[in-house]
Protein chains: 2
Amino acid sequence: MVEITEVFKMHERGAFLLKDVQVKNCVKLIRIEQGNMTQGELAKMIGVTRQTMNLIEAQKYNPTIKVCLLIAAALHTSIDKLFWMEDEE
Amino acid sequence: MVEITEVFKMHERGAFLLKDVQVKNCVKLIRIEQGNMTQGELAKMIGVTRQTMNLIEAQKYNPTIKVCLLIAAALHTSIDKLFWMEDEE
DNA sequence: TACTATTGTCACATATATATTACTTTTATA
DNA sequence: TATAAAAGTAATATATATGTGACAATAGTA
């Protein structure tokens, strides 16, 4: 896992971070911990489909900040604890 | 401004939050405070266009978590400090 | 005032987040 | 084991985030 300060140094070297960085999340872990709700329940709470929630948990989507804020609220946590950046590969 | 706990109570009442909630941010304020860089400079650092950064600061876009994480890193802060939810209207 | 940098904005094109429907695979539980 | 619930996934459609190019409006500065 790359620290934010480390990622910041990357672009100081001139890299275009948007393409070099990959977003990870622990939504599934926290969903199970927090009340053990299902993907479908969480999805319904925030107003997206179960399939969308599935893809977000599988880290195949780059969700919008709106959806992320709603997930964080539903799981009683913060975005900073749910999503972070890693190096590509 | 609506507290996260308050927003959470909304969906406990059965609301579909995705359509009822609106995302606000203070990117422009923090960009000026943090080294007084321009929209164009910030955009280049994270690899989006100046126009995209302009629309994000004007709160006309619902940016992806990836872009938000990069903005937070570039501005030496966290997503939780840059983005929050408010009631529609 | 004049000149320049910065910001705002528009029209159009493209990529992708999300929805919908349906099906298979896995997990839990009787 | 058998059955159902949950999760994974695929195809297709739609909405929208983002890119590109251009130009107007604003702010800063000589």
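A note on names: the letters A, B, ... follow the listed sequences, proteins ahead of strands, and every chain is numbered from 1.
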Looking at [X], does any N or O in its side chain come under 4.0 Å of the phosphate oxygens OP1/OP2 on [N]?
X: A/Arg31; N: D/dA7; answer: yes
X: B/Lys28; N: C/dG8; answer: yes
X: B/Gln39; N: C/dA5; answer: no
X: B/Gln51; N: C/dG8; answer: no

Nearest-angstrom distance from the residue atom [atom1] of [X] to [atom2] of [N]:
X: A/Ile71; N: C/dA17; atom1: CD1; atom2: P; result: 13 Å
X: B/Phe83; N: D/dA17; atom1: CZ; atom2: C1'; result: 13 Å
X: B/Lys44; N: C/dT6; atom1: NZ; atom2: C1'; result: 16 Å
X: A/Ile32; N: D/dA6; atom1: CD1; atom2: P; result: 11 Å
X: B/Ile46; N: D/dG19; atom1: CD1; atom2: C1'; result: 14 Å
X: A/Leu69; N: C/dA17; atom1: CG; atom2: P; result: 17 Å
X: A/Leu42; N: D/dG8; atom1: CG; atom2: P; result: 13 Å

Would you name the heavy atoms of [X] and [Y] that are closest together and state the gap between them?
X: A/Phe83; Y: A/Pro63; answer: CE2-CG, 4.2 Å
X: A/Ala72; Y: A/Ile79; answer: CB-N, 3.7 Å
X: A/Ile65; Y: B/Asn62; answer: CG2-OD1, 3.1 Å

Query - Side chain to side chain, A/Ile30 and A/Ile71, heavy atoms closer than 4.5 Å - result: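 Of all side-chain heavy-atom pairs linking A/Ile71 with A/Ile30, none is under 4.5 Å.
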
**Report entry** Spacing of CG belonging to B/Asp80 relative to OG belonging to A/Ser78, to within rounding of 0.5 Å
**Finding:**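 OG of A/Ser78 is found 4.5 Å from CG of B/Asp80.
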
Query raised in the report: What parts of residues 52-60 of chain B reach DNA chain D, counting only heavy atoms under 4.0 Å away?
Result: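 Residues of residues 52-60 of chain B that come under 4.0 Å of DNA chain D are, in numerical order, B/Thr52.
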
Query raised in the report: Taking only residues two or more places apart in sequence or in another chain, which ones pass side chain to side chain donor-acceptor pair (under 3.5 Å) with B/Thr49?
Result: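 Here the qualifying residues are B/Thr52.
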
Report task. Among the candidates C/dT7, D/dT9, C/dA17, find the nucleotide nearest to the side-chain atoms of A/Arg50. Result ->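 Per side-chain heavy atoms of A/Arg50, the pick is D/dT9.
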
**Report entry** Sugar-phosphate only, base, or nothing, as touched by A/Thr49 at under 4.0 Å among non-hydrogen atoms
**Finding:**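 Base, at least one base heavy atom under 4.0 Å.
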
Query raised in the report: Would you call A/Arg31 and A/Glu41 a salt bridge, using N to O less than 4.0 angstrom?
Result: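 No, no charged N to carboxylate O under 4.0 Å.
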
